[in-house]
K.L.:
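Quick one: the structure is below, and I'll ask about it shortly.
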Protein chains: 2
Amino acid sequence: MLTERQLLVLQMIIDDFIETAHPVGSRALSKKESIPYSAATIRNEMADLEDMGFLEKTHSSSGRIPSEKGYRYYVDHLIAPLSNQHNMKIIRNVIEDGFYEFEQIVQMSAEVLSELTNYTSIILGPELGETKLKQLQILPLSVHTAVAILVTDTGHVEHRSFTLPDEINSSDLEKMANILNDRLQGVPIIWLEEVFQREIVGLLKRYIRDFDQSYQYLQAIFSHEHPVKLYIGGKSNILMQPEFNDVDKIRSFYTMMENENEIANLLKNTKHGIGVSIGNENEVDAIKDLSLITASYQLGEGQIGTIALLGPTRMEYKKVISLLSSLSNEMSEALYKWYRASE
Amino acid sequence: MLTERQLLVLQMIIDDFIETAHPVGSRALSKKESIPYSAATIRNEMADLEDMGFLEKTHSSSGRIPSEKGYRYYVDHLIAPLSNQHNMKIIRNVIEDGFYEFEQIVQMSAEVLSELTNYTSIILGPELGETKLKQLQILPLSVHTAVAILVTDTGHVEHRSFTLPDEINSSDLEKMANILNDRLQGVPIIWLEEVFQREIVGLLKRYIRDFDQSYQYLQAIFSHEHPVKLYIGGKSNILMQPEFNDVDKIRSFYTMMENENEIANLLKNTKHGIGVSIGNENEVDAIKDLSLITASYQLGEGQIGTIALLGPTRMEYKKVISLLSSLSNEMSEALYKWYRASE
DNA sequence: TGTTAGCACTCTTAAGTTCTGAGTGCTAAT
DNA sequence: ATTAGCACTCAGAACTTAAGAGTGCTAACA
């Protein structure tokens with residue numbers, strides 16, 4: 001168990017290091033007002049804290065820096081989340097502006113978040129989950145081309161152009177579109193392909209001449225993956241952090257950030273509420289020396305998305321955690337308001 | 001005027017430097033088979049070429065590197081565009097896969113282009129130009145929300161959700177949507193807002209009760225900017241170039257790449273066909289030590305987009321220029337095929 | 001017994017030094 | 001006109017040195 005004084009020393013070292021990025025020495029600490037002990041005493045405490053694994057040295061005669069275990073302890077026990085009125089005001093302004101639509105709000109939140117923290121923000125759009133098809137429209141553009149437009153009950157719109165088979169005529173196309181629209185309304189997006197295959201293909205075969213020609217084109221509409229949207233803000237922001245003073249580190253970071261799959265991986269095991277992964281606690285190699293803070297937000301029944309901030313392990317945990325948790329509340333609330341009437 | 005031998009020397013130096021990124025010395029050059037002169041002779045030629053401004057030294061006793069003027073001369077007079085069958089095959093595969101839609105093709109082209117060259121590729125989607133509205137639909141999602149969907153005759157789809165004024169009832173909404181759709185079909189996208197203001201507001205005022213309430217919401221639909229889509233590939237690719245071995249350079253590059261406006265600026269003064277801007281010839285400060293190669297592609301009557309590659313001034317101009325010009329042809333052709341039937 | 005002053009020791013970082021190799025410019029010979 | 005030869009220059013790597021920050025330990029102190 002840690003003594004009062006050890007807690008104090010640990011806390012002050014981490015706070016100081018987070019601020020300055022420089023190893024903290026005993027003398028510097030002893031000068032602070034809140035610490036009434038001499039440098040020598042602090043040195044002893046530091047040595048003990050190092051033995052316990054909370055602190056590290058960068059070399060044998062350097063000041064101390066927090067270890068990952070140290071950060072973990074700090075996050076779990078030493079931070080009283082401060083409510084940052086000022087920053088929240090900025091964010092609220094973005095969110096509450098009703099003229100923006102959802103995707104813009106998210107995009108802007110990502111940018112503001114990154115701006116306020118100087119870290120890189122990642123927002124994972126809400127999963128489709130229970131979202132249902134509201135309308136499917138097939139609009140011919142010309143004799144050979146058409147565009148299919150899918151609208152969900154949450155107002156999400158997807159579209160997909162395709163070329164038409166030569167044989168089809170416009171009345172057939174219309175008939176087909178009507179059947180599809182009738183049968184698929186209210187079907188959850190993620191079931192579309194299955195329902196199409198199971199219930200509709202047979203039907204269409206009966207009603208439409210030469211349906212086999214059209215099959216592959218329709219099929220392409222529904223096999224369309226529905227990618228979860230990823231919004232990233234401030235990729236270059238994080239470069240301002242002193243830990244990115246190394247070209248190789250930058251390269252590997254950016255190589256990862258280019259790969260949406262890998263980023264999606266990062267956020268895969270997100271839990272409800274706030275999650276903090278420090279350094280090696282992360283599963284993705286490329287960020288084993290960074291920290292990731294995640295917060296989930298809700299959209300209706302069970303649909304969730306994730307807001308995350310990626311920064312050096314030397315992160316302003318206090319600020320970031322309070323900011324994220326407020327933002328996730330705001331977003332859930334805004335989304336709730338937006339969709340409230342659809343129930 | 002340059003002598004035959006000077007041309008040869010200049011060309012070999014530039015080719016060599018483009019390949020290795022190291023200053024080229026006289027002895028190394030004289031060893032090459034295609035040069036039958038001694039190092040001393042070449043030194044003399046080099047000194048002359050430097051006097052003329054085509055070459056530079058990095059320090060008083062270094063080998064030579066091309067100056068921007070040197071590159072310019074090289075691009076204008078010394079390269080016979082080589083047709084790269086192999087790379088074009090790769091690109092053609094991407095483009096000709098009919099199941100992809102336009103935006104995906106462009107996105108993938110950008111990525112392949114960057115992959116093949118190791119530079120950063122930028123593709124500016126076609127301007128809206130003459131594109132006309134094909135359909136405007138207003139789909140209510142709930143009592144309080146609706147989504148407006150605009151489809152152009154080229155199959156481009158834009159949508160925008162908004163909240164409904166409390167007063168409006170669904171039959172009014174439908175009436176309104178019908179009037180809008182009737183009146184706006186065939187109107188070029190860029191005129192939408194104007195036509196709406198001039199011809200339709202008055203009409204709606206007459207037919208719809210409490211139209212003033214709805215006005216601001218509708219207005220928001222049409223004042224929506226129609227941003228030209230920007231596709232970027234391989235932002236991190238360029239980091240592998242040795243000229244990006246400097247953290248500050250990376251920072252300024254990425255800061256620029258985060259800003260879509262600035263990128264749009266880069267490509268603003270693009271001319272028809274192939275354009276090459278070397279170093280300080282670029283107007284945007286952030287890329288004054290990079291080169292930008294642009295190629296335009298056509299979509300129907302006058303609508304154009306731009307494909308560009310951004311790399312160090314030490315760029316493989318031969319390869320890049322031939323690749324881009326082929327790609328722009330392929331894209332124009334693919335788009336032409338795609339839309340041919342709409343006329 | 002817990003705290004502190006003092007001091008020798010360690011290690012990083014910056015600045016200065018030396019050395020080598022690549023490459024030039026000039027001169028004189030071919 | 002071309003080339004061999006040589007003195008000279010400079011960047012970059014390898015080493016050395018000096019200063020400063022910080023530690024760990026011991027002994028003195030309250």
Side-chain angles (χ1 to χ4, degrees), chain A residues 1-10 12-14 16-17 19-67 70 242-243 245-247, chain B residues 1-10 12-14 16-17 19-67 70 242-243 245-247:
Chain A
M1 213 32 237
L2 294 179
T3 67
E4 272 307 309
R5 195 165 67 191
Q6 285 171 333
L7 288 179
L8 179 64
V9 171
L10 180 57
M12 300 226 56
I13 288 176
I14 299 186
D16 194 299
F17 183 70
E19 195 183 334
T20 66
H22 294 302
V24 185
S26 57
R27 231 178 84 81
L29 260 199
S30 76
K31 276 193 193 141
K32 303 214 173 182
E33 289 186 357
S34 47
I35 295 219
Y37 307 100
S38 73
T41 307
I42 294 173
R43 275 204 288 284
N44 290 330
E45 297 290 21
M46 281 170 147
D48 289 348
L49 285 166
E50 185 177 357
D51 287 343
M52 287 183 270
F54 294 112
L55 295 178
E56 285 173 356
K57 286 190 273 196
T58 59
H59 60 88
S60 73
S61 73
S62 78
R64 301 304 205 292
I65 63 171
S67 67
E243 15 277 286
N245 246 332
D246 168 28
V247 179
Chain B
M1 211 32 233
L2 294 179
T3 67
E4 272 308 309
R5 195 165 66 191
Q6 284 172 334
L7 287 179
L8 180 64
V9 171
L10 180 58
M12 300 227 55
I13 289 176
I14 299 185
D16 194 299
F17 183 70
E19 195 183 332
T20 67
H22 294 302
V24 185
S26 57
R27 230 179 84 81
L29 260 200
S30 75
K31 276 196 190 135
K32 302 214 173 184
E33 288 186 358
S34 45
I35 295 217
Y37 308 101
S38 74
T41 308
I42 294 174
R43 275 203 289 284
N44 290 330
E45 296 290 22
M46 281 171 149
D48 290 349
L49 284 167
E50 184 176 357
D51 287 344
M52 288 183 268
F54 293 113
L55 294 178
E56 285 173 357
K57 287 191 274 196
T58 59
H59 60 88
S60 74
S61 73
S62 75
R64 300 304 205 291
I65 63 171
S67 67
E243 16 276 285
N245 246 331
D246 169 29
V247 179

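The analysis underlying the following values was restricted to heavy atoms, covering all of them including side chains, and did not include hydrogens, waters or symmetry mates.
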K.L.:
If an axis is fit to five pairs at each end of the helix from C:dT1-D:dA30 to C:dT30-D:dA1, what is the angle between the two, to the nearest 10°?
P.N.:
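Computed from the C1' atoms at both ends, the axes differ by 20°.
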K.L.:
Return the set of residues passing salt bridge (charged side-chain N to carboxylate O under 4.0 Å, His left out) with A:Glu243 (not counting sequence neighbours), or none when no residue passes.
P.N.:
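If we apply the salt bridge (charged side-chain N to carboxylate O under 4.0 Å, His left out) test to A:Glu243, skipping adjacent residues, the hits are A:Arg314.
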K.L.:
Strictly by ring pair (Phe, Tyr, Trp, His ring centres under 6.0 Å), give each pair with a member in residues 46-66 of chain A just once, sequence neighbours left out.
P.N.:
A:Phe54-A:Tyr73
K.L.:
For residues 20-34 of chain B, please give each side-chain donor-acceptor pair under 3.5 Å, one per line with the distance, not counting sequence neighbours.
P.N.:
residue	atom	partner	partner atom	Å
B:Thr20	OG1	B:Asp16	O	3.1
B:Thr20	OG1	B:Asp16	OD1	3.4
B:Thr20	OG1	B:His22	N	3.1
B:Ser26	OG	B:Arg43	NH1	3.1
B:Ser30	OG	B:Arg27	O	2.9
B:Lys32	NZ	B:Asp16	OD2	2.8

K.L.:
Taking side chain as C-beta onward, heavy atoms only, is B:Arg64 less than 4.5 Å from B:Glu56?
P.N.:
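No; the side chains remain at least 4.5 Å from each other.
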K.L.:
Apply side chain to side chain donor-acceptor pair (under 3.5 Å) to B:Glu19 and list each qualifying residue two or more places apart in sequence or on a separate chain.
P.N.:
none
K.L.:
How would you list, by chain and number, every residue that makes a side chain to side chain donor-acceptor pair (under 3.5 Å) with B:Ser38, sequence neighbours excluded?
P.N.:
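With neighbours one apart ignored, the set is B:Thr41.
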K.L.:
Evaluate the side-chain contact (heavy atoms from CB on, under 4.5 Å) criterion for residues A:Leu10 and A:Gln6: first the C-alpha distance (whole Å), next the side-chain angles of each, then the deciding distance (0.1 Å), finally the verdict.
P.N.:
CA-CA 6 Å; A:Leu10 180 57; A:Gln6 285 171 333; over 6 Å; no
K.L.:
For the residue pair B:Pro66 and B:Ile14, what are the closest heavy atoms and their distance?
P.N.:
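Taking B:Pro66 first and B:Ile14 second, the nearest heavy atoms are CG-CG1, 3.7 Å.
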K.L.:
With sequence neighbours left out, write down each residue that passes side chain to side chain donor-acceptor pair (under 3.5 Å) with B:Arg5, or none if nothing qualifies.
P.N.:
B:Glu45
K.L.:
Measure from CZ on A:Arg64 to P on D:dG22 and round the result to the nearest Å.
P.N.:
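So the CZ-P distance, A:Arg64 to D:dG22, works out to 12 Å.
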K.L.:
Closest nucleotide of DNA chain D for A:Pro23 versus for B:Ser60: which of these residues is on the 5' side?
P.N.:
B:Ser60
K.L.:
Check every nucleotide of DNA chain C for an atom under 4.0 Å from a heavy-atom of chain A, then give the first and the last such nucleotide from 5' to 3'.
P.N.:
C:dT3 to C:dT12
K.L.:
Using the side chain to side chain donor-acceptor pair (under 3.5 Å) criterion, which residues pair with A:Asn245? Sequence neighbours excluded.
P.N.:
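Partners of A:Asn245 under the side chain to side chain donor-acceptor pair (under 3.5 Å) test: B:Arg251.
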K.L.:
Please list residues of residues 29-59 of chain B whose heavy atoms come under 4.0 Å from any atom in DNA chain C, ordered by number; otherwise none.
P.N.:
B:Arg43, B:Met46, B:Lys57
